[in-house]
Amino acid sequence: MKLCPKCNRSPLPFVMVLLISSVLAFITWLVLGLSQVEPTIRVAAGAAVFLAVGGTLLHYVISCLKRHCRHDRERERIHGQTFSRPA
């Protein structure tokens with residue numbers, strides 16, 4: 001995970017990933033509780049959903065943070081290294 005120090009400070013995106021993954025795993029566990037499934041399978045399915053959703057959302061959040069980081073542009077502008085595109 002190679003993010004700039006300013007983008008890496010905020011824990012909010014990662015807390016949201018944890019929250020969404022936990023809620024979906026809990027809902028999966030509850031829905032499987034309505035059927036006649038053994039408790040170990042319910043826990044395993046909930047853990048699998050948590051890992052799958054958490055991994056997918058974490059990948060999405062990290063790629064979005066990298067893509068939308070504007071701190072490199074600020075540093076280039078401060079140091080006068082801005083390059084303009086030819087028209």
Side-chain angles (χ1 to χ4, degrees):
M1 186 165 81
K2 188 78 170 169
L3 297 174
C4 73
K6 290 184 180 179
C7 289
N8 204 14
R9 286 185 192 158
S10 176
L12 184 63
F14 304 106
V15 170
M16 291 302 297
V17 167
L18 183 67
L19 180 71
I20 292 170
S21 301
S22 299
V23 167
L24 289 177
F26 181 67
I27 289 173
T28 302
W29 181 77
L30 282 178
V31 168
L32 288 177
L34 295 174
S35 62
Q36 299 296 326
V37 178
E38 295 179 22
T40 55
I41 295 176
R42 286 174 53 194
V43 171
V49 167
F50 177 80
L51 291 175
V53 172
T56 304
L57 285 176
L58 188 64
H59 179 266
Y60 176 73
V61 165
I62 290 173
S63 66
C64 284
L65 285 173
K66 285 181 184 178
R67 186 179 321 123
H68 297 292
C69 177
R70 297 183 183 203
H71 298 115
D72 287 337
R73 293 182 192 151
E74 285 180 18
R75 186 174 55 222
E76 287 175 358
R77 188 170 31 111
I78 290 171
H79 294 296
Q81 299 173 351
T82 57
F83 300 104
S84 61
R85 288 185 176 178

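Remember, it's a predicted structure, so these values are computed and weren't measured experimentally.
For the ring-ring contact (aromatic ring centres under 6.0 Å, His included) condition, no pair includes a residue of residues 35-57, sequence neighbours left out.
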Distance-only check: which donor-acceptor pairs under 3.5 Å involve side-chain atoms of residues 17-34, not counting sequence neighbours?
unit_1, atom_1, unit_2, atom_2, d
S21, OG, V17, O, 2.8
S21, OG, G54, N, 3.2
S22, OG, L18, O, 2.8
T28, OG1, L24, O, 2.8

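A distance of 5.5 Å separates CZ in F14 from CD1 in I62, rounded to the nearest 0.5 Å.
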